[in-house]
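The block underneath contains the structure these notes are about, expressed in structure tokens.
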Protein chains: 2
Amino acid sequence: MERIPLRDRQGLTEEEFLQTYDPSIFVRPSVTVDMLIFTVVDKQEENYRKLPNKSLKLLLVKRGVHPYLGQWALPGGFVTHDESVDDAALRELRSETNIDNVYMEQLYTWGEVNRDPRTRVVSCSYMALVDSTSLELKAGDDAADARWFDLTYSLHDEKRTTQGNDAANEYLVKMTFSNDTIILDATVKVMEKKTGKSSRIESDLIESNGIAFDHAKMIQYAVKRLRNKIEYTDIAFNLMPELFTLSELQQVYEVILGKELLPAAFRRKIAGMVTETDQFTKDAGHRPARLFRFNPNWRFI
Amino acid sequence: MERIPLRDRQGLTEEEFLQTYDPSIFVRPSVTVDMLIFTVVDKQEENYRKLPNKSLKLLLVKRGVHPYLGQWALPGGFVTHDESVDDAALRELRSETNIDNVYMEQLYTWGEVNRDPRTRVVSCSYMALVDSTSLELKAGDDAADARWFDLTYSLHDEKRTTQGNDAANEYLVKMTFSNDTIILDATVKVMEKKTGKSSRIESDLIESNGIAFDHAKMIQYAVKRLRNKIEYTDIAFNLMPELFTLSELQQVYEVILGKELLPAAFRRKIAGMVTETDQFTKDAGHRPARLFRFNPNWRFI
DNA sequence: TAAATAGTGTCTCTCAGACAGTATGAG
DNA sequence: CTCATACTGTCTGAGAGACACTATTTA
């Protein structure tokens, strides 16, 4: 793919920028936080009788500076000397969404040497889950160009090999990021290797169209964690409004897990996690559904 | 507890040392790795007929410099400019154990501002699991004073409170660290809070007798992770030699989980993870046990 | 033969998957 | 009445907890 080189506000190309950038002034790595801010929103259906579908959204920011000028990155920034890493993550979260009362969890710290072409950067990634109904207000109109992207995540080419006591499991994760005007995609190869007594999970960036840095790897890691954790914790409720129907809750599980669930089994499974109210949905074009709220007395083992 | 202040090689007390230390030369946090190196070893029984018991061991290093001079810390060190964070962890692991072909996993990154009295330090913790039979050789006779400690971990004062939609769960984790000559202990308070839409797990150091820095918090976190992960992955086999009996395997599970398991259920559960050999233990004073090895074709979901 | 561990058979209970069947409001 | 979704009942099979039972070696 041949491209006309992009120029930043000083009129420099990425190449020129990197030549004038002096990394030697840094003797130790810079520490940044990168935020994976997820929400689930309704996609309106054409038929008034049909329920809206849900889609999983991720917040990305368009880069206005080198490197990766014009590409989309996770919101994030440097950890300053007088704030904790958690606080830096909270600060970034607030600056992008105006909300700070949300679920936030540290995910993984990315410490490869050449992650950032400017200089050595160690990035600590965090996942935040926000309820879109209490959000809507902001995010998407910041000074920086922040936008929500529909996220799809699918596995391909799963391949398992064993040789003696060694085993390896490889697969490709293809992700797409889309909204009204933009479509991006990325492919990450995940390798779970076990050789001798050693055991390791690694991931490689195979392709990244429009996603800056190694952020596609971070996104893959986060979705995997989200998928795992939704099965045995209550994190899904951080994506729900105060009152919700069990069908809505089921849809949130489905869109995160990327598969359909059986209503009867689903209701049994989450029965202890919710409390029923005596309110119902209205004007639905079909039988109204009871509204539930999260049961704070529920506890996972 | 009143103590005579310890002095380092320059003859400075901790207080004097900190006064002469100039943190202003550091504009960004230092990044370190801290290693939690676990193994499981036999504790010999007095009765020849009885099987040896297993105990969970953790490697600690005696600090020879300020701060926390004379206390015990996790092995670790700074991440240099030209190595990845993973590589730094591997380097530390090798320098303490002479082994590098082991299971290693990143755990959590600790980023509070005042973790280290010298200056701002962000520490990335890693867990390594080593098989004691292939170890024995080294570790314990380094230049630095590295020793294995028996680790016990117990929960106390579990307390759950709910107010409206808010819920909190608090408990104390008491840990002891002991070997032939030394006994240390620490207490960590874990708080799982859910207020409004926000949800967070925090831990505080309540008491730390002989464990340096916030390392007791790291240890508590690691044991919790280990306990969780042994239930649904194959990590336990990283603590086993090539050949082992099912009773030995069960003992490793028991010492990590801190509870007894029923043999029949345990054998059913791990049946798919092992392959039987036609070898047996000998001279046991009772019925010989079949030896098994790990089945590399096993996969967890 | 006793002590001690190795290993199996089987009952019960729980829980998830599957699927058929009933319930209900809008138009 | 029909559509579309809400919600329930129940069969099945997998798997964990519990516990009694058999097997095998050495001193």
Side-chain angles (χ1 to χ4, degrees), chain A residues 42-54 228 230-232 240 243-254 257 259-293 298 300-301, chain B residues 42-54 228 230-232 240 243-255 257 259-293 298-301:
Chain A
D42 288 348
K43 271 199 287 204
Q44 215 43 250
E45 277 296 325
E46 58 301 329
N47 182 336
Y48 82 97
R49 274 185 150 170
K50 292 218 170 173
L51 277 183
N53 279 312
K54 305 267 184 197
N228 272 328
I230 202 177
E231 298 272 22
Y232 66 96
M240 306 303 294
L243 296 178
F244 49 84
T245 70
L246 296 187
S247 296
E248 284 169 344
L249 183 61
Q250 182 174 342
Q251 278 191 49
V252 168
Y253 273 76
E254 287 176 339
L257 293 172
K259 67 179 180 190
E260 304 214 320
L261 304 173
L262 294 167
F266 179 76
R267 277 156 192 265
R268 251 183 285 144
K269 179 179 168 153
I270 51 87
M273 297 161 79
V274 294
T275 325
E276 68 174 35
T277 69
D278 42 19
Q279 293 171 262
F280 290 82
T281 54
K282 285 171 196 148
D283 307 318
H286 48 76
R287 175 174 171 179
R290 188 183 286 277
L291 292 170
F292 289 78
R293 53 163 48 94
W298 180 81
F300 63 93
I301 315 102
Chain B
D42 288 349
K43 270 198 289 204
Q44 215 45 248
E45 278 294 325
E46 58 301 329
N47 183 336
Y48 80 99
R49 274 185 149 165
K50 291 217 170 173
L51 276 184
N53 279 311
K54 305 268 183 195
N228 271 328
I230 201 177
E231 298 273 22
Y232 66 96
M240 306 303 295
L243 297 176
F244 49 83
T245 70
L246 296 188
S247 296
E248 284 170 342
L249 184 61
Q250 181 175 342
Q251 278 191 51
V252 169
Y253 274 76
E254 288 176 339
V255 77
L257 293 173
K259 65 179 182 191
E260 304 214 321
L261 304 173
L262 293 167
F266 179 76
R267 278 156 191 265
R268 253 181 284 142
K269 178 179 168 152
I270 52 86
M273 297 162 80
V274 295
T275 325
E276 67 175 36
T277 69
D278 42 17
Q279 294 172 262
F280 289 82
T281 53
K282 284 169 196 151
D283 307 318
H286 48 77
R287 173 174 172 179
R290 187 183 287 276
L291 293 170
F292 289 78
R293 54 163 46 93
W298 181 80
R299 56 181 311 174
F300 62 92
I301 313 99

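A, B, ... follow the sequence lines: proteins, then strands. Residue 1 opens every chain.
One can place CG of A:L246 at 16 Å from C1' of C:dA23, the figure rounded to the nearest angstrom. The nearest whole Å value for the distance from the CG atom in B:L257 to the P atom in D:dG17 is 11 Å. Atom NZ in B:K282 sits roughly 17 Å away from atom P in C:dA6 (whole-Å rounding). Protein atom CD1 of A:I270 is 11 Å distant from nucleotide atom P of D:dT8, rounded to whole Å. The nearest whole Å value for the distance from the CZ atom in A:R290 to the P atom in D:dT8 is 9 Å. Rounded to an integer number of Å, the gap from NZ of A:K54 to P of D:dT5 is 14 Å. A:L262 has its CG atom 18 Å from the P atom of D:dC11, to the nearest Å. At whole-Å resolution of the value, CZ in A:F280 and C1' in D:dA6 are 10 Å apart.
Residues B:V274 and B:E276 have side chains not in contact (no heavy-atom distance under 4.5 Å, counting atoms from C-beta outward). In this structure, the side chains of B:L261 and B:Y253 come closer than 4.5 Å at one or more pairs of heavy atoms. At a threshold of 4.5 Å between non-hydrogen side-chain atoms, the residues B:L291 and B:T245 count as touching. Contact check for B:K54 versus B:E248: side-chain heavy atoms found under the 4.5 Å cut-off.
Residues B:K259 and B:R287 each lie close to DNA chain D; by heavy-atom proximity, the contact nearer the 5' end of the strand is made by B:K259. If you find the closest nucleotide of DNA chain D to B:K269 and to B:A264, the one lying nearer the 5' end belongs to B:K269. Closest-nucleotide positions on DNA chain C for A:H286 and A:A265 were compared, and the one nearer the 5' end corresponds to A:A265.
Side-chain proximity of A:A289 to D:dC7, D:dT25, C:dG25: nearest is D:dC7. Out of C:dT24, C:dG17, D:dT25, the shortest distance to the side chain of A:R268 is found at C:dG17.
In this structure, A:S247 does not reach the D:dT5 phosphate: none of its side-chain N or O atoms is under 4.0 Å from OP1 or OP2. Using a 4.0 Å cut-off, some side-chain N or O of A:R267 falls inside it from OP1 or OP2 of D:dC7.
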Just do the side chain to side chain contact (heavy atoms under 4.5 Å, CB included) check on B:I270 and B:Q250 with the steps written out, would you? CA-CA 9 Å; B:I270 52 86; B:Q250 181 175 342; over 6 Å; no
